[in-house]
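Okay, structure first, notes after.
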Amino acid sequence: MEITKENRKWLDAMGLSHPIVIAGPCSAETEEQVLKTAHLLKDTDTNVFRAGIWKPRTRPGGFEGVGEIGLPWLQKVKEETGMLVTTEVGNAQHVELALKYDIDILWIGARTTVNPFAVQEIADALKGVNKPVLVKNPVNPDLPLWLGGVERFQAAGISQLGVIHRGFSTYNSLHYRNKPKWHLAIELKKEFPDLPLILDPSHICGRRDTLLDVSQTALDLNYDGLMVETHIDPDKAWSDAAQQITPAQLHQMTLDLKIRQKSSSGEEFQRKLNMHRKELDLIDSSLIDILADRMQIAESIGRLKHKENVAILQSGRWADILATMIQAGADKGLSKEFVEEIFKAIHVESINIQHNVK
Ligand code: PEP
Ligand code: MN
């Protein structure tokens, strides 16, 4: 897929500053709630007003959105505040209605990106229409599926594209509602540096107190913007109450965020350096997690061998692993010495762990 500089231009053409701020309630609830929120957001850094009209709910019976009656409310937001408006579309009928009410930007929800049939249906409905489309990551951590969503819109002739990183669903995550798994977005950015990348900290955090921290990480990684759920009375929101903040809190958050600007070449160097260091830190902590997982498996093997009274060192298997890894490393440009040293250390530690199990 060719994502070129053209992909970024629509952000500039729309006069959207860096970073772009998309804010508004999880769901449009009433005309009054939508308009009050929008008027308060008008005095913040918000460029685009968001509100869910159709809400994909995991289980039936919850609030599934106000539907079509909410679309004229968004039109009023445009007229009264001058902000652009965006909503989620999940099928061709939503697209038709969103176009009828002249919604400026459409976004594809995480539960839709997982379904290529639905994405294709929406892309077909948008053929010949010149609206920006933002594709949220799928709920599961699958980069090709995310890119596949973008590619379906590109193939339908939509050139104003962007992606929204809203985290990935995991069972029993303590800290996050949806784990960020930053390396997936970093990989996407590496492959397509000109595709605008926006962070949705609200669905990643699922709570208010960590929004700033997660948003700062995104700005340090040079994301192009943020989408933050904002409500006049967050505790009373009809959906996602725990993660929404007031327009005043959003304003404070944008003041607290350190926005990395490009200016002198010295600063540009520092910015790039900081970004790469942040990437390295994230990869290093993933390395520790992976090594810990590997050692846990070694421990299970140790227990199994102990029970069956089998010798710990299986030299044939070890020689195979080492040869395979040296080859795999060479294929990716890593030297034989380096791979050998790392795997020898891993092997020694595995053996020690297996020795210690009783
Ligand atoms: C939303 O933005 O309110 C939403 C439903 O998000 P997601 O698709 O990321 O769950
Ligand atoms: Mn929401």
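Counting convention: from 1, in listed order, for ligands and their atoms alike. Since the structure is predicted, the reported quantities are computational estimates derived from the model, not experimental observations.
For Asp240, the N, O or S atom closest to the Mn ion (ligand 2) goes by the atom name OD2. Of all N, O or S atoms in Glu229, the one lying closest to the Mn ion (ligand 2) is OE2.
Here the protein heavy atom with the shortest distance to atom 6 (O) of ligand 1 is Lys136 NZ, 2.9 Å. In terms of protein heavy atoms, atom 8 (O) of ligand 1 is closest to Ala110 N, 2.8 Å. Given atom 3 (O) of ligand 1, the protein heavy atom at minimum distance is Lys55 NZ, 2.8 Å. Looking only at heavy atoms of the protein, atom 4 (C) of ligand 1 is closest to His203 NE2, 3.5 Å.
For the pair Met227 and ligand 1, the shortest N or O to N or O distance does not fall below 3.5 Å. Residue contacts with ligand 1: Arg166 is placed with a nitrogen or oxygen under 3.5 Å of a nitrogen or oxygen of the ligand (distance criterion only). Residue Arg111 has at least one nitrogen or oxygen atom sitting less than 3.5 Å from a nitrogen or oxygen atom of ligand 1, judged on distance alone.
No side-chain N or O of Glu279 forms a donor-acceptor pair with one of His183 less than 3.5 Å apart. A side-chain N or O of Ser350 and one of Arg294 form a donor-acceptor pair less than 3.5 Å apart. Using modelled atom types, one finds no donor on one side chain facing an acceptor on the other under 3.5 Å when comparing Thr324 with Gln327. For the residue pair Gln243 and Arg177, a side-chain donor N or O sits within less than 3.5 Å of a side-chain acceptor on the partner.
The Arg50 neighbourhood of ligand 1 comprises atoms 1 (C), 2 (O), 3 (O), with distances under 4.0 Å to a heavy atom of that residue. Residue Trp107 approaches ligand 1 through these ligand atoms, each under 4.0 Å from one of its heavy atoms: 2 (O). Proximity to Cys26 (heavy-atom distance under 4.0 Å) selects the following atoms of ligand 1: 3 (O). Which parts of ligand 1 touch Glu229 is read off a 4.0 Å heavy-atom cut-off, strictly below it: atoms 1 (C), 2 (O), 3 (O). Interface of Gly109 with ligand 1, defined as ligand atoms under 4.0 Å from a residue heavy atom, comprises 8 (O).
Each ring-ring contact (aromatic ring centres under 6.0 Å, His included) pair with one or both residues in residues 294-318, not counting sequence neighbours, appears once here: Trp318-His347.
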In sequence, state the C-alpha distance, the side-chain angles, and the governing distance for Val21 and Thr44, and then conclude on side chain to side chain contact (heavy atoms under 4.5 Å, CB included). CA-CA 9 Å; Val21 178; Thr44 69; 6.0 Å; no
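Contact annotation: for Glu88 versus ligand 1, heavy atoms closer than 4.0 Å belong to the side chain alone.
Residues Asp220 and Lys258 are not paired through a salt bridge, judged by the lack of any N-O separation under 4.0 Å between the basic side chain and the carboxylate.
In this pair, Trp54 and His94 present their aromatic rings parallel. The plane angle is below 30°, not in the 30 to 60° band.
Here Lys100 contributes atom NZ and Gln75 contributes atom CD; the two are 10.0 Å apart, rounded to the nearest 0.5 Å. How far NE2 of His251 is from CD1 of Ile245: 12.0 Å, rounded to the nearest 0.5 Å.
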